[in-house]
Amino acid sequence: MREFFRPVIYNALCSAGITTDKSINIEQPADKKFGDFSTNIALLVAKECRRNPRELAQAIIEHLLFPPDTIARIEVAGAGFINFYLAPLFIMQSVEKVLLEGDEYGKGSVGQGKKAIVEYVSANPTGPLTIGRGRGGVLGDCIANLFETQGYEVTREYYFNDAGRQMQILGESVQLRYLECCGKSVEFPANHYQGEYIREIAEEIYHDQGTGFAESTELLMFKKRAEEIIFASIRKTLERLGIRHDSFFNEHTLYTPDEKGMTANQSVIDALREKGFIAEYDGAIWFMTTKLGQEKDKVLVKSSGEPSYRLPDIAYHITKFERSFDMIVNVFGADHIDEYPDVLEALKILDYDTGRIKVAINQFVTTTVDGQTLKMSTRKGNADLLDDLIDDVGADATRLFFIMRGKDSHLNFDVELAKKQSKDNPVFYLQYAHARICSLLRMARQEIGFEADSIQEQSLLQQLNSPAELQLGFALLDYPDMIKTSLRLLEPQKMVEYLHSLAEVFHRFYQECPILKAEPDIARARLFLALATRQVLRNGFRILGVSAPESM
RNA sequence: GUGCCCGUAGCUCAAUGGAUAGAGCAUCAGCCUUCUAAGCUGAGGGUUACUGGUUCGAGUCCAGUCGGGCGCACCA
């Protein structure tokens, strides 16, 4: 809708002889008495034109040329705002468009022919997914969905590492528990994985193998087995939330030589060396971030000869460029906040276009049960598990709660609230609106023989003009802009808020406007309005990955 | 100590630099012989942590102060 205004205003500026490099800003006033849309362009250019803003606004208005029957009223208000009021007919014609486009309504084409990669979850297979990971998972999934709505070809990627020290400790942890199963007494170090799941894996191995490995120092079998079991459990948990990845990228491939005997990691070092950003001292290889104003250099290759995580991370991102993605999105938790600036710096030095990279960082989650807050903890056995949460509140509530706050805010997950089957629970509020419409449509078919697909009758919508009807129509027309905003900010929360307000406006319409009892043409028109509302709810739910129940 | 995030109604949170800072919950008062009351209407509730600055205009941007969270390894 905003794109509807911009060219018209731009042309008016030209006609009025105003030249500016300021971008034309279209906003929705918080208060409807200031119009459906407004622009502050007169205020912005007043200074450089040395003219009074209101007078300038008046001059612009005189040159505005909108298509007929679209704008009902234009006025200058306040300090120099130009306010636009949409024509009721235009709003209702937009509702027809919703019905016409159906599942496609709200989609855009800026991403047509472009490739995007969204990397999210990326947990190493050292344990079951925690609640904190869940937030990033849902966030990433929704962001990927948003990109798809704009025509991007999206790859959902999971980056993981099954080598490294943590996996070593995992293997040892399982081995020790296994020895316990074999009846040996062992000392279990505090820095090993304490979780109950380790014991379960050990028991499984004991069940299959008996005491066959009791005397062996062989660690690989324990590691492999643990990895398999844990990865399967992670994928199962994600599946429960409707999260699936197209691609699993194993960090290990970056250590594997190509046909010329070169590893991706080594190429990064060579390239950085050529740019003069590599130093060698203390037996290690360093990325000279001190040249970039940082306090310390960063280790790329440890004195043991193993790369630190930073090096493969850079190499990994280079593969994203080499795989020719136009848009590169990384989703991760606040605990990795210090990680990506170095990667970006390195990529910049190597002349990659880091403008394509977007990073979405989500803050942590605390869960509250009965008003008590349980803090998420890391490697201890008491980490709260995503699976338990899903068991407790269901997949829909889990998904929606994770994204109903801004990603920069700490999330307070009220488990009691998420379980409630009442209006306090935002999940039910949204889904109820959908179910209510479904029920209404069922009733309409029965009582007055309403058929949803009788397209020739949809123009009946144009006779609707009460405030509640227009408010609902306007909300529907606003949907495509909401998707764009949500995507631009990488913030699915905007969609949640929008859908909540749409549900609210619908409930008001439902309350104020009798439908089945209205005279036949009005009844049909209102049913089409309800039908369009259901369509937008569905489209929005699909982006958020929340189900749309037919009845509740 | 330092980097990043946050501080808005009693609680949980909104507000692309715009007009009188908004929702939900909770509290109080109304609306079901009528399409799902899992709903709707209304009321009360605020020095946007604090102090300065930038400008036509600041909750929003900048500087500083105070509070909370997360990082700050030759772990990932």
Side-chain angles (χ1 to χ4, degrees), chain A residues 2 25-31 33-34 38 40 43-44 46-47 53 77-81 83 122-124 126 160-161 164-167 169 191 251 282-286 294-296 298-310 312-313 333-339 341 361-364 366 368 371 375 404-412 414 417 420-426 428-429 431-433 435-444 446-448 485 488-489 493-494 497 500-501 503-504 506-518 523 526-527 530 551-552:
Chain A
R2 287 164 204 240
N25 201 4
I26 311 293
E27 54 192 77
Q28 282 185 35
D31 192 330
K33 80 180 180 205
F34 296 124
S38 75
N40 62 354
L43 287 161
L44 293 180
K47 196 165 195 178
F81 294 99
N83 297 340
S122 294
N124 284 339
T126 55
F160 71 102
N161 171 19
R165 192 172 147 64
Q166 294 307 319
M167 290 301 290
I169 293 176
N191 69 345
E251 181 184 321
D282 295 345
I285 300 177
W286 303 78
Q294 296 192 26
E295 279 181 28
K296 288 198 299 189
K298 301 290 171 62
V299 174
L300 293 181
V301 180
K302 301 184 254 180
S303 53
S304 66
E306 288 174 308
S308 79
Y309 71 91
R310 224 175 296 267
D313 232 26
D335 51 339
H336 286 235
I337 196 90
D338 278 345
E339 171 175 333
I361 296 168
N362 64 280
Q363 293 296 319
F364 271 16
T366 53
T368 67
K375 250 189 129 178
M404 75 183 191
R405 303 292 177 230
K407 62 182 187 298
D408 289 333
S409 294
H410 291 233
L411 176 65
N412 206 324
D414 185 335
L417 178 61
K420 253 191 201 168
Q421 311 258 320
S422 78
K423 65 176 176 179
D424 324 354
N425 185 343
F428 282 82
Y429 186 83
Q431 293 185 324
Y432 174 61
R436 202 177 205 188
I437 295 171
C438 290
S439 165
L440 174 66
L441 292 170
R442 279 193 298 270
M443 198 69 80
Q446 233 172 54
E447 305 268 317
I448 64 170
T485 301
R488 179 170 49 83
L489 302 173
Q493 184 222 13
K494 300 289 169 228
E497 289 207 333
H500 193 275
S501 74
E504 199 170 29
F506 171 76
H507 286 309
R508 186 172 308 138
F509 156 74
Y510 184 91
Q511 196 78 20
E512 285 181 19
C513 304
I515 299 170
L516 300 181
K517 295 191 168 44
R526 288 180 175 160
L527 283 164
S551 64
M552 290 171 72

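Mapping Ala334(A) and Met404(A) onto RNA chain B via the closest heavy atom, the residue that lands nearer the 5' end is Met404(A). The 5' end of RNA chain B is approached more closely, in terms of each residue's nearest nucleotide, by Asp408(A) than by the other of Arg405(A) and Asp408(A).
At the phosphate of rA14(B), neither OP1 nor OP2 sits under 4.0 Å from any side-chain N or O atom of Ser501(A).
Within 4.0 Å (heavy atoms only), Met552(A) reaches at least one base atom of the nucleic acid. Among the heavy atoms of the strands lying under 4.0 Å from Glu504(A) are primed sugar atoms or P, OP1, OP2 only; no base atom is included. When heavy atoms are screened at a 4.0 angstrom cut-off, Gly406(A) is found touching the sugar-phosphate backbone but no base atom. Among the protein residues, Glu251(A) comes within range of the sugar-phosphate backbone only, with heavy atoms under 4.0 Å from sugar or phosphate atoms but none that close to a base. Residue contacts shown for Ser439(A) include a base, since a base heavy atom lies under 4.0 Å away. Among the atoms of the strands shown, only primed sugar atoms or phosphate atoms (P, OP1, OP2) are found under 4.0 Å from some heavy atom of Gln493(A). Here Ser308(A) lies in heavy-atom contact (under 4.0 Å) with sugar-phosphate atoms only. At a threshold of 4.0 angstrom between heavy atoms, the contacts of Thr126(A) with the nucleic acid are absent. If you check every strand for non-hydrogen atoms under 4.0 Å, Asn412(A) touches sugar and phosphate atoms only. Counting non-hydrogen atoms under 4.0 angstrom, Asp282(A) reaches a base of the nucleic acid. Using a 4.0 Å heavy-atom cutoff across all strands shown, Asp31(A) reaches no nucleic acid atom at all.
One donor-acceptor pair, N or O on each side, does fall under 3.5 Å between the base of rA19(B) and the side chain of Asn83(A). Between the side chain of Asp338(A) and the base of rG3(B) there is no donor-acceptor pair of N/O atoms closer than 3.5 Å.
Rounded to a whole angstrom, the distance from the P atom of rA9(B) to that of rA49(B) is 8 Å. Rounded to whole Å, the P atom of rG3(B) lies 9 Å from the corresponding atom of rG64(B).
Rounded to an integer number of Å, the gap from Gln166(A) CD to rA73(B) C1' is 12 Å. In this structure, the CZ atom of Arg508(A) is 21 Å from the P atom of rC35(B), given to the nearest Å. Here the P atom of nucleotide rG24(B) and the CG atom of Asn425(A) are 15 Å apart, to the nearest Å. Here rC72(B) presents its C1' atom at 13 Å from NE2 of His336(A), a figure rounded to the nearest Å. Between the P atom of rA23(B) and the NZ atom of Lys494(A) lies a distance of 16 Å, rounded to the nearest Å. Between the CG atom of Leu489(A) and the C1' atom of rA14(B) there is a distance of 13 Å, given to the nearest Å. If you take CG of Asp414(A) and C1' of rC13(B), they are 13 Å apart, rounded to a whole angstrom. Here rA19(B) presents its C1' atom at 4 Å from CZ of Phe34(A), a figure rounded to the nearest Å.
Relative to the side chain of His500(A), the nucleotides rG39(B), rA23(B), rU55(B) differ in distance, and rA23(B) lies closest. Closest to the side chain of Pro29(A), from the set rG71(B), rG18(B), rA19(B), is rA19(B). For His507(A), counting side-chain heavy atoms from C-beta on, the closest listed nucleotide (rC40(B), rC74(B), rA19(B)) is rC40(B). Distance from the side chain of Gln363(A) is smallest for rG69(B) among the nucleotides rC40(B), rG69(B), rU55(B). Closest to the side chain of Tyr510(A), out of rG18(B), rA37(B), rC13(B), is rA37(B). Which of rC31(B), rC35(B), rA73(B) sits closest to the side chain of Lys517(A) comes down to rC35(B). Of the candidate nucleotides rG71(B), rC35(B), rC74(B), rC35(B) has the atom nearest to the side chain of Met443(A). Side-chain atoms of Glu27(A) lie closest to rG18(B) of the nucleotides rG39(B), rA76(B), rG18(B). Minimum atom distance to the side chain of Ser409(A) is reached by rC13(B), of the listed rC74(B), rC13(B), rU34(B).
The backbone N or O of Phe34(A) lies less than 3.5 Å from a partner atom in the side chain of Asn83(A), making a donor-acceptor pair.
Base pairing in RNA chain B gives the following stems of 3 or more Watson-Crick or G-U pairs, range against range and under 3.5 Å: B:1-7 with B:66-72, B:10-13 with B:22-25, B:27-31 with B:39-43, B:49-53 with B:61-65.
Relative orientation of the His507(A) and Tyr429(A) rings is perpendicular, given thresholds of 30° and 60° on the angle between their planes.
Annotation: side-chain hydrogen bond (donor to acceptor under 3.5 Å, both in side chains) contacts of Glu447(A) (sequence neighbours excluded): none.
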